[in-house]
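As the structure is a prediction and not an experimental result, all values here were calculated from the model. The basis for the numbers below is simple: all heavy atoms, side chains too, and nothing from hydrogens, waters or symmetry mates. Sequence lines set the chain letters: A, B, ... in the order given, protein chains first and strands last, and positions in each chain run from 1.
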2 protein chains.
Amino acid sequence: MIKQNLSESQQDYLKIVLDLINEKKVARIKEIATRKDVSMPSATEAMRKLSNEGYIQYSAREFIELTAIGEKTAHRLTSKHSFLKHFFSDVLNINEDAADQEACAVEHHLSDSTLERLILLYQFLNECEKNDARTINLFKECLKAAEGGAQSSVACRNCFIAHNFPHHPGEKTLHTLLANLIRGQDGQIVMLGPDSEIRLSLIEKGLMPGSLFHMEEAGDASSPFVIQTDGCLIELDEEAAKMIEVAIEQPE
Amino acid sequence: MIKQNLSESQQDYLKIVLDLINEKKVARIKEIATRKDVSMPSATEAMRKLSNEGYIQYSAREFIELTAIGEKTAHRLTSKHSFLKHFFSDVLNINEDAADQEACAVEHHLSDSTLERLILLYQFLNECEKNDARTINLFKECLKAAEGGAQSSVACRNCFIAHNFPHHPGEKTLHTLLANLIRGQDGQIVMLGPDSEIRLSLIEKGLMPGSLFHMEEAGDASSPFVIQTDGCLIELDEEAAKMIEVAIEQPE
DNA sequence: TTGCATAATTAGGCAAGCCTAATTAACTTA
DNA sequence: TAAGTTAATTAGGCTTGCCTAATTATGCAA
């Protein structure tokens with residue numbers, strides 16, 4: 001009788017039912033349809049299904065009530081949503097509305113065990129005594145700098161490679177800027193620089209920390225850099241190439 | 001001709017096509033079907049669609065090739081996937097297979113702007129010079145402690161409230177353990193304690209940082225604590241109640 | 001208590017993404 | 001080059017989750 005895995009849509013319905021019962025004592029088809037932004041027949045059908053699967057009690061034209069398992073499930077889903085929203089807005093500093101949307105989009109697909117890890121990360125950043133300086137605040141400073149355009153991100157430029165190169169002297173790899181590589185060298189992206197506009201455009205091109213690439217054509221102020229990743233050629237202007245920290249094999 | 005939003009399924013097909021072309025020079029229906037774990041007719045149909053929408057070049061029984069936009073899109077999706085996998089396994093310390101699965105599940109739903117924030121967080125933890133001690137290593141220590149059962153998490157117990165209470169003297173809220181509240185008090189969960197089994201069971205019940213609750217019935221060693229969140233009653237045994245750090249209003 | 005507005009349901013349809021069974025095309029090899 | 005194998009396609013169907021239009025039930029007001 002009880003199906004283990006509710007579809008995304010069914011999960012949404014279940015959360016809405018819980019919400020409505022909490023807010024207005026009763027959940028009505030009309031309200032459910034409105035909140036889910038679907039027609040009333042769709043809501044009716046969804047209720048019938050949830051009822052068949054044991055999550056709510058419902059017969060045509062009667063009160064909708066959550067069963068014990070329905071309530072438990074709905075509550076778990078709701079909490080997951082709130083935590084994710086919380087994480088997105090508090091930690092990643094995404095504005096409330098976007099955080100909410102994003103939480104909606106992701107919540108159905110994140111396993112409980114990954115959620116646990118995010119919770120641990122959240123707790124670590126906010127509360128862990130090892131972080132006596134409250135790391136989260138440091139990160140927020142960085143975010144603030146990184147959110148503005150090039151001009152406003154002075155504070156964050158200091159994080160960037162050019163100033164303290166090579167970065168990790170003990171290791172076999174050397175860190176430098178993508179713009180410094182010559183044709184034929186291989187590398188891996190380590191970090192994207194402080195300009196938020198350029199950074200987003202790099203991300204949209206699929207360039208981000210971890211990306212492996214091959215320098216196909218070293219450019220300069222007048223001709224673009226061409227790199228290959230994943231079998232695809234990507235062009236970058238000099239400004240962007242100077243905004244990418246990469247790791248390369250130690251030359252000897 | 002070009003549809004802006006590819007469905008999840010279409011995105012997967014596109015990534016598979018790029019992968020195959022990179023690995024084996026050509027992408028064949030049979031291989032595509034195998035990787036996606038669907039029948040060949042399904043793969044054929046998907047190719048027809050992607051072709052109509054301008055992402056690949058394909059006519060029946062001929063070579064499948066990516067168009068410029070198809071390649072760009074596929075590459076972006078692939079990178080997103082790798083970064084997320086990277087983040088899950090490197091930062092959150094989830095094992096490779098699970099990280100891969102999780103990245104698959106989430107990648108379609110995470111917006112580029114949220115991805116950017118995750119990248120910034122990743123960079124901050126790994127590289128930001130403000131974190132001279134490489135915060136990521138601190139976090140990993142915590143994770144390691146938090147991953148074991150109660151017995152192995154001695155190191156992390158120190159993070160937990162009981163030892164350094166009250167936590168944030170300057171603030172209007174007071175931190176304590178859920179087990180210390182009396183019937184009728186309201187609180188908000190701040191942190192889940194070090195025992196990994198209990199922590200997961202709390203998360204499954206929908207209790208996590210940020211959850212607001214009302215103490216319905218204060219328990220003890222022999223009778224359970226009963227709290228209300230989101231209109232739902234939840235029972236906790238004493239051991240669990242002592243593993244939850246909560247914030248309450250300052251008593252005066 | 002009849003009539004009307006609103007809520008809910010039924011009936012019938014559509015798109016996406018999958019399936020199996022049957023057919024056709026393309027290679028391969030004796 | 002004819003036969004057999006394998007790959008790909010077509011045809012027809014299923015499920016989920018949505019829709020509109022039409023119908024039925026409910027509750028309130030004159």
*Tell me, yes or no, whether the heavy-atom count around A:Asp37 atom CG, taken from other residues, nucleotides or ligands under 6.0 Å, exceeds 12.*
no
Heavy atoms of other groups near B:Arg35 CZ, more than 12 under 6.0 Å: yes
Checklist entry - Mind checking whether B:Tyr122 and B:His86 have parallel, tilted or perpendicular rings, split at 30° and 60°? => result tilted
Would you please confirm or rule out a distance under 4.0 Å between OP1 or OP2 of [N] and any side-chain N or O of [X]?
X	N	value
A:Ser7	D:dT16	no
B:Lys36	C:dC18	yes
B:Tyr13	C:dC18	yes
A:Tyr58	C:dA8	no
B:Ser39	C:dC18	no

Out of [options], which has the shortest distance to the side chain of [X]?
X	options	value
B:Lys30	C:dC18, D:dA8, C:dA8	D:dA8
A:Pro41	C:dA8, D:dA7, D:dT20	D:dT20
A:Arg48	C:dA8, D:dA8, C:dT10	C:dT10
B:Lys49	C:dA7, C:dG17, D:dC19	C:dG17
B:Ser9	D:dC18, C:dC18, C:dA7	C:dC18
A:Ala60	D:dA8, C:dT9, C:dG17	C:dT9

From the list A:Lys49, A:His108, A:Lys36, side-chain hydrogen bond (donor to acceptor under 3.5 Å, both in side chains) partner of A:Ser9 resolves to A:Lys36
Spacing between [X] atom [atom1] and [N] atom [atom2], to the nearest angstrom:
X	N	atom1	atom2	value
B:Asn52	C:dG17	CG	P	13 Å
A:Asn5	D:dT16	CG	P	13 Å
B:Glu53	C:dG17	CD	P	9 Å
A:Ile32	C:dT9	CD1	C1'	14 Å
B:Gln11	C:dA16	CD	P	15 Å
B:Ile29	C:dA26	CD1	P	14 Å

Between A:Ser42 and A:Arg61, the residue closer to the 5' end of DNA chain D by nearest nucleotide is A:Ser42
Looking only at side chains, do A:Ser113 and A:Ser111 share a donor and an acceptor under 3.5 Å apart?
yes
